[in-house]
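Scroll down for the structure; my scribbles are underneath it.
Worth saying up front: this structure is predicted, and the values here are computed from it rather than measured. Quick note on labels: first sequence line is chain A, next is B, and so on, each numbered from 1.
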Number of protein chains: 2
Amino acid sequence: MSDILFQHIAKHINISSNDFAAMLPYFRLLNVKKKEDLVMEGKPCRQNYFVLKGSLRMFFLTENGGEQTIQFAIENWWMTDVDAFSKGKTASFTVQAMEHAEVISISKEDMDQLLAAYPFMERYFRMIYERAYAASLFRVKYIFQLSKEQFYNHFASQYPAFIQRIPQKILASFLGFTPEYLSELRKKQALGKK
Amino acid sequence: MSDILFQHIAKHINISSNDFAAMLPYFRLLNVKKKEDLVMEGKPCRQNYFVLKGSLRMFFLTENGGEQTIQFAIENWWMTDVDAFSKGKTASFTVQAMEHAEVISISKEDMDQLLAAYPFMERYFRMIYERAYAASLFRVKYIFQLSKEQFYNHFASQYPAFIQRIPQKILASFLGFTPEYLSELRKKQALGKK
DNA sequence: CGGAAAACTTAAGCTGGTTTAAGAAAGATG
DNA sequence: CATCTTTCTTAAACCAGCTTAAGTTTTCCG
């Protein structure tokens with residue numbers, strides 16, 4: 001189970017299975033039900049999560065009570081409200097399971113101790129954040145570069161399987177438009193294909 | 001001069017001035033003219049930059065030849081096309097000086113060697129990327145949460161001094177709208193204040 | 001300096017995407 | 001498996017922000 005995490009770490013840095021075994025006590029295995037919140041906007045954010053199975057999303061509440069999704073996490077991604085987690089502030093985002101999920105969690109205190117005891121893990125997390133940062137920049141690039149329709153097509157062609165797994169409402173929110181407009185797009189494209 | 005970088009590193013991790021002195025050969029001091037490109041879209045990206053003085057921006061070219069600005073870097077910020085730099089790919093973004101600037105640069109090879117020789121620097125860059133990632137997420141949050149007008153007001157109140165230093169054209173692009181619309185906003189707000 | 005280029009302003013017309021509202025389909029839950 | 005709730009669709013009216021185009025001001029640089 002936690003073997004998946006070991007593989008993931010080993011893909012980035014040199015690590016012995018002995019070292020990994022010694023680190024295990026810092027991690028906890030968690031079973032999460034669909035729609036369960038792991039981090040809640042406005043509450044402290046004490047854990048960081050690694051997805052073994054299923055999927056998570058991150059969103060914040062808009063003034064009219066809607067949920068604006070800004071990220072997804074699937075297998076092999078870490079997710080939390082990084083800012084709140086690292087600074088010990090209250091969360092600006094909610095992290096919620098989209099499907100039943102298995103995740104590994106680590107608390108802020110354990111993370112600090114882990115990094116102190118196994119400094120080579122700094123390198124692993126440096127790479128993780130480097131990649132997350134790069135991905136977030138590309139996200140911004142696409143938001144500006146593509147029209148809503150292009151953005152949808154781009155995402156649909158990049159993650160055809162994932163798109164089947166998630167409610168259109170959430171997808172529309174992630175892409176930055178209304179579910180109504182997504183309906184319109186799909187209808188238009190279905191007609192076009194005939 | 002490079003003392004500024006030492007201070008910045010020391011703010012994040014424990015480091016002796018001896019260690020820093022030993023690391024100095026990896027860094028180069030650079031004088032950059034206004035509008036000079038440090039990274040060019042489409043070309044390899046081999047350097048990472050730390051701003052001592054002045055300011056940089058990151059942009060990409062839109063289909064109609066415009067420049068879409070997506071980030072600024074002022075004193076004490078690192079900037080490069082992270083994805084291209086770390087993976088050795090060609091750059092998706094251009095990094096350009098907005099004002100005459102003094103920066104410290106480090107090449108990819110030197111960065112790799114630096115991290116191998118001084119592993120504690122992994123911790124420093126882990127924190128740098130963590131913060132950059134968090135900032136980029138907030139950027140996405142604001143893009144979705146705020147209307148263009150609110151986004152402008154938010155930015156104007158957060159960085160009143162910086163706003164004076166940069167052309168409106170670039171600011172408008174960063175905020176995601178046209179210079180014409182920015183003019184309109186300013187006019188409207190000037191009238192409102194009377 | 002002085003002339004050219006770049007940046008900024010103004011205003012009218014236009015459009016991609018929102019809002020609203022109501023019905024149809026699909027999922028959840030006892 | 002029936003009901004309640006949530007999600008999805010459709011369509012019309014609407015608007016924030018864009019485009020275009022022309023004039024004005026500022027900056028650049030020889």
* Between dA13(D) atom P and Y181(A) atom OH, what is the distance in whole Å? -> 19 Å
* Indicate whether OP1 or OP2 belonging to dT18(C) is found under 4.0 Å from a side-chain N or O atom of T178(A). => yes
* Rounded to the Å, how far apart are M98(B) CE and dC28(D) P? -> 14 Å
* **Ring-face cation of K141(A) near F60(B) (centre distance under 6.0 Å, axis angle within 45°)** => yes
* Find the distance N153(B):CG to dA16(D):P and express it as a whole number of Å. => 15 Å
* Closest-nucleotide 5' rank along DNA chain D - winner of E149(B) and K34(B) -> E149(B)
* Looking at W77(B), does the NZ or CZ of R131(B) lie under 6.0 angstrom from its six-membered ring centre and within 45 degrees of the ring axis? -> yes
* Asked: Can a side chain N or O of K35(A) be found less than 4.0 Å away from OP1 or OP2 on dA28(C)?
  -> no
* Asked: Within a strict 4.5 Å, meaning less than it, do heavy atoms of the Y49(B) and V32(B) side chains meet?
  -> no
* When you measure from the centre of the six-membered ring of F174(B), is the NZ or CZ of R139(B) under 6.0 Å away and within 45° of the axis? -> yes
* Please give, in whole Å, the distance from dA7(C) P to R186(B) CZ? -> 16 Å
* Separation of atom CD1 in I170(B) from atom C1' in dA7(C), rounded to whole Å -> 11 Å
* Structure fact -> Out of dC8(C), dG17(C), dC28(D), minimum distance to the side chain of S147(A) belongs to dG17(C)
* Options dA11(D), dC8(D), dA28(C), nucleotide nearest the side-chain atoms of K187(A) -> dA11(D)
* **Selection from dC8(D), dT20(D), dC8(C) that lies nearest to any side-chain heavy atom of K169(B)** => dC8(C)
* Salt-bridge test for E130(A) and R126(A): reply yes if a basic N is under 4.0 Å from a carboxylate O, no otherwise. => yes
* Which nucleotide sits closest to the side chain of F177(B): dG17(C), dC8(C), dC18(D)? -> dC18(D)
* To do: May I ask you to say what E180(A) touches in the nucleic acid, namely base, sugar-phosphate or nothing, with a heavy-atom cut-off under 4.0 Å?
  => base
* Structure fact -> From CZ of F144(B) across to P of dG17(C) the rounded distance in Å is 13 Å
* Spacing between K33(B) atom NZ and dC28(D) atom P, to the nearest angstrom -> 14 Å
* **L185(B) CG - dC18(D) P separation (whole Å)** => 9 Å
* To do: Measure from the side-chain heavy atoms of Q168(B) and tell me the nearest of dC8(C), dC18(D), dC8(D).
  => dC8(C)
